[in-house]
Amino acid sequence: ETIDAAGKLLAPGLIDMHVHLREPGFEHKETIETGSRSAAKGGFTTIACMPNTKPVTDSPEVVKLVQDKARAAGLVKVLPYAAITKSQQGQELTDFAVLKEAGAIGFTDDGVGVQTAQMMKDAMNIAAKMDMPVIAHCEDNSLVVGAPVAEGSFARKHGLKGIPNESEAIHVGRDILLAEATGVHYHVCHVSTEQSVRLIRQAKEIGIRVTAEVCPHHLLLSEEDIPGLDANWKMNPPLRSRRDVDACIEALLDGTIDIIVTDHAPHSAEEKAKGMQSAPFGIVGFETAFPLMYTKFVAAGKMDLSLLVKRMTADPARVFGLNTGVLEPGAPADLTLIDLETEKEVDPESFASKGRNTPFTGWKLKGWPVMTITDGRVVWSEE
Ligand code: DOR
Ligand code: ZN
Ligand code: ZN
Ligand code: ZN
């Protein structure tokens, strides 16, 4: 079979190390199959999924279930993270050895944050001995109760409680110190503030094993852009100030932030219709990530194409020690073919994801994936 790639960009399959697939337990939001299809349509061939499902990925049975469903879908490689604490309750550590044996690729508290330093230090000590990464959603709960958006002009204008920047940076700082003490590889989830960037940059300078990720929405939107009380602009961490956005961009360019992830977080229209105060946090990400980054950074002259591709392929592979196939000569390839010319509007109705919750509706973008090849097989192609 011959594939006509003339005029297109052929890239290694994109890798997204932070996604929510919702199965088991929240299949009305997404399933492993619909999430995998959405990922493939977005040009991704490998995704790593978070454990905040029901039940939580805190046992080998749930790891196996995720792997089995992903294999049955047969679209992209799905790598499960396991939870640091049982049921993500922050009370009792999970059995890291058993979870690693089952195929978990790291331990995380995404969605909640491990709230006591002692619990996090114990987790990091165990993970360090097993050479497994700890991936932390950094947020001090005591600072964020009841706040749907960041502290700033939008919150003030609408009389909403604001999430302060230090709720994130306090935990980043804490976990950097714990990583230094334990020697673990600590990966910082979805960096969104200038202060977190500063702490990560300093930690890297003195040789602490820390890596970090950022989402397209934190590089493209600030709290000042939120048009009104539409919960499609509600995510965690929240959209911050323009100054924070600029700090995140600079950090992605200079390597302080290693990788781009989507934090793909599908929710149903009914859930999002509850409004800014009550709707769940999160936006979908797979099907807009590359076109957003390509159009707004590469085509706009702010970032080299090779650097964008690296931050979405080789860098995640390096940070997490993945062998994605293309790295070894002769192995079946993971590839993405991308049309850099055709402009299309973001239309949530066209998403393969069950989630329609995006703030990017109507954006005119280029850089749409047209074919995705996982392990040498075409798993998705434009018509
Ligand atoms: O916006 C978010 N949504 N942030 C998180 O940390 C969790 C996620 C979710 O599970 O919906
Ligand atoms: Zn998170
Ligand atoms: Zn933390
Ligand atoms: Zn997340």
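None of these values were measured; they are calculated from a predicted model. In each ligand, atom 1 is the first atom listed, and ligand 1 is the first ligand listed.
- Checking only distances, Phe281 does come within under 3.5 Å of ligand 1, N or O to N or O.
- Every atom of ligand 1 with a heavy atom of Asn52 under 4.0 Å away is listed here by number and element: 9 (C), 10 (O).
- Closest N/O/S atom of Asp110 to the Zn ion (ligand 2): OD1.
- Side-chain contact check for Asp304 and Ser306: no donor-acceptor pair (N or O, by modelled atom type) lies under 3.5 Å.
- Within the 2.8 Å limit, Cys189 places no N, O or S atom next to the Zn ion (ligand 2).
- There is no side-chain donor-acceptor pair under 3.5 Å between Thr193 and Arg240.
- A side-chain N or O of His18 and one of Asp263 form a donor-acceptor pair less than 3.5 Å apart.
- Between His18 and ligand 1 there is no heavy-atom distance shorter than 4.0 Å.
- At a cut-off of 3.5 Å, with distance as the only test, a side-chain donor of Asp16 or Thr262 sits close to an acceptor on the other residue.
- The Zn ion (ligand 4) lies under 2.8 Å from an N, O or S atom belonging to His20.
- The distance from ligand 1 to the heavy atoms of Arg22 drops below 4.0 Å at these ligand atoms: 9 (C), 10 (O), 11 (O).
- For ligand 1, the atoms sitting less than 4.0 Å from at least one non-hydrogen atom of Gly282 are 1 (O), 2 (C), 3 (N), numbered in the order shown with element in parentheses.
- Protein heavy atom closest to atom 8 (C) of ligand 1, with residue, atom name and distance, is His20 NE2, 3.7 Å.
- Each of the following atoms of ligand 1 lies closer than 4.0 Å to a heavy atom of His137: 6 (O).
- A donor-acceptor contact under 3.5 angstrom links the side chains of Asp110 and His190, judged on distance only.
- Listed by number with element, the atoms of ligand 1 under 4.0 Å from a non-hydrogen atom of Met235 are 1 (O).
- Donor-acceptor pairing under 3.5 Å is lacking for the side chains of His28 and Arg22.
- A donor and an acceptor atom, one from each side chain of Thr211 and His185, are located under 3.5 Å apart.
- When each atom of ligand 1 is checked for a heavy atom of Asp110 under 4.0 Å away, the hits are 6 (O).
- Between the side chains of Glu33 and Thr31, not a single donor N or O lies within less than 3.5 Å of an accepting N or O.
- Asp244 places a side-chain N or O within 3.5 Å of a backbone atom of Ser241 that can act as its donor or acceptor partner.
- Residue contact annotation: His18 places an N/O/S atom under 2.8 Å from the Zn ion (ligand 4).
- When hydrogens are left out, the protein atom nearest atom 5 (C) of ligand 1 is Asn236 O, 3.7 Å; that is the closest non-hydrogen contact.
- Between the side chain of His187 and the backbone N or O of Gly106, no donor-acceptor pair lies under 3.5 Å.
- The shortest separation from a heavy atom of His267 to ligand 1 is under 4.0 Å, placing the residue in contact.
- A donor atom on one side chain and an acceptor atom on the other are found under 3.5 Å apart for Ser353 and Glu30.
- The minimum distance between the Zn ion (ligand 4) and any N, O or S atom of Asp263 involves atom OD1.
- Nearest N, O or S atom of His137 to the Zn ion (ligand 2): atom ND1.
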